[in-house]
Amino acid sequence: MLSAQTGDGVRDLRRWLLTMARPGPWRVSAGVSHVQPPLVIASEVIRSHIFRCFRKELPYTLMQQNLGWTEMRNGGVRIDQQLL
């Protein structure tokens with residue numbers, strides 16, 4: 001049994017992952033934090049929050065249309081999306 005809440009099995013999972021890991025070259029440069037564009041990452045985060053609002057039925061046919069991406073002076077980002 002594995003539980004992130006109680007920590008049960010986490011040590012065993014970590015040990016198993018370390019034994020399965022193979023040395024090799026990095027696939028992404030050290031300065032790159034993610035290979036997906038920021039808008040794609042933001043869309044996935046928004047979609048996951050929408051799914052949290054539903055308890056029994058998930059709207060798999062939900063479509064998101066990006067309308068705007070505005071970088072704010074304070075470093076934040078305003079993302080305008082239309083949900084279809």
Side-chain angles (χ1 to χ4, degrees):
M1 180 65 87
L2 181 67
S3 171
Q5 186 174 15
T6 64
D8 292 339
V10 173
R11 184 175 292 136
D12 294 333
L13 175 62
R14 183 179 187 278
R15 194 175 307 127
W16 181 81
L17 289 171
L18 289 173
T19 61
M20 297 303 290
R22 301 288 175 245
W26 289 97
R27 296 182 184 200
V28 179
S29 302
V32 176
S33 61
H34 207 284
V35 294
Q36 292 180 321
L39 189 57
V40 173
I41 297 169
S43 294
E44 289 300 317
V45 169
I46 292 169
R47 187 175 187 83
S48 71
H49 283 280
I50 292 169
F51 280 179
R52 287 183 194 170
C53 295
F54 293 88
R55 296 234 190 281
K56 294 184 178 182
E57 295 185 25
L58 293 176
Y60 290 109
T61 59
L62 178 73
M63 293 177 18
Q64 296 165 256
Q65 182 178 10
N66 297 310
L67 301 176
W69 175 280
T70 308
E71 295 184 18
M72 310 302 276
R73 286 188 216 161
N74 65 1
V77 177
R78 175 183 167 156
I79 303 167
D80 297 308
Q81 286 198 335
Q82 182 177 20
L83 304 178
L84 308 169

**Asked** Transitively linked via ILVMFWY side-chain contacts under 4.5 Å: L83 with I41?
**Response** no

**Fill in**
Rounded to the nearest 0.5 Å, the CG atom of L39 sits from the CD atom of E44 at a distance of 10.5 Å

**Asked** With the threshold set at 4.0 Å, does a side-chain nitrogen-carboxylate oxygen contact exist between D80 and R78?
**Response** yes

**Prompt:** So, the side chain of Q64 versus the backbone of S43: is there a donor-acceptor pair under 3.5 Å, distance only?
**Reply:** yes

**Asked** Just by distance, do the side chain of R22 and the backbone of T19 share a donor-acceptor pair under 3.5 Å?
**Response** yes

**Prompt:** Going by side-chain heavy atoms closer than 4.5 Å, which hydrophobic residues are tied to L84, directly or by a chain of links?
**Reply:** M63

**Message:** Counting only heavy atoms from other residues, nucleotides and ligands, does the tally under 6.0 Å from CH2 of W69 exceed 12?
**Reply:** yes

**Check: R47 side chain, A42 main-chain N or O, donor-acceptor pair, under 3.5 Å** = no

**Message:** Let's go through D12 and R15 carefully: what are the C-alpha distance in whole Å and the side-chain angles of both, what is the deciding distance for side chain to side chain contact (heavy atoms under 4.5 Å, CB included) to 0.1 Å, and is it a yes or a no?
**Reply:** CA-CA 5 Å; D12 294 333; R15 194 175 307 127; 3.2 Å; yes

**Prompt:** Should L13 and M20 be counted in the same cluster of Ile, Leu, Val, Met, Phe, Trp and Tyr side chains packed under 4.5 Å apart?
**Reply:** yes

**Single-linkage hydrophobic cluster F51~V45, side-chain heavy atoms < 4.5 angstrom** = no

**Request:** Establish whether V77 and I46 are linked, either directly or via other cluster members, by ILVMFWY side-chain heavy-atom contacts under 4.5 Å.
**Result:** yes

**Side-chain donor or acceptor of N66 paired with backbone N/O of G68 under 3.5 Å** = no

**Prompt:** Can you tell me if CD on Q36 sees more than 12 non-hydrogen neighbours from other groups inside 6.0 Å?
**Reply:** yes

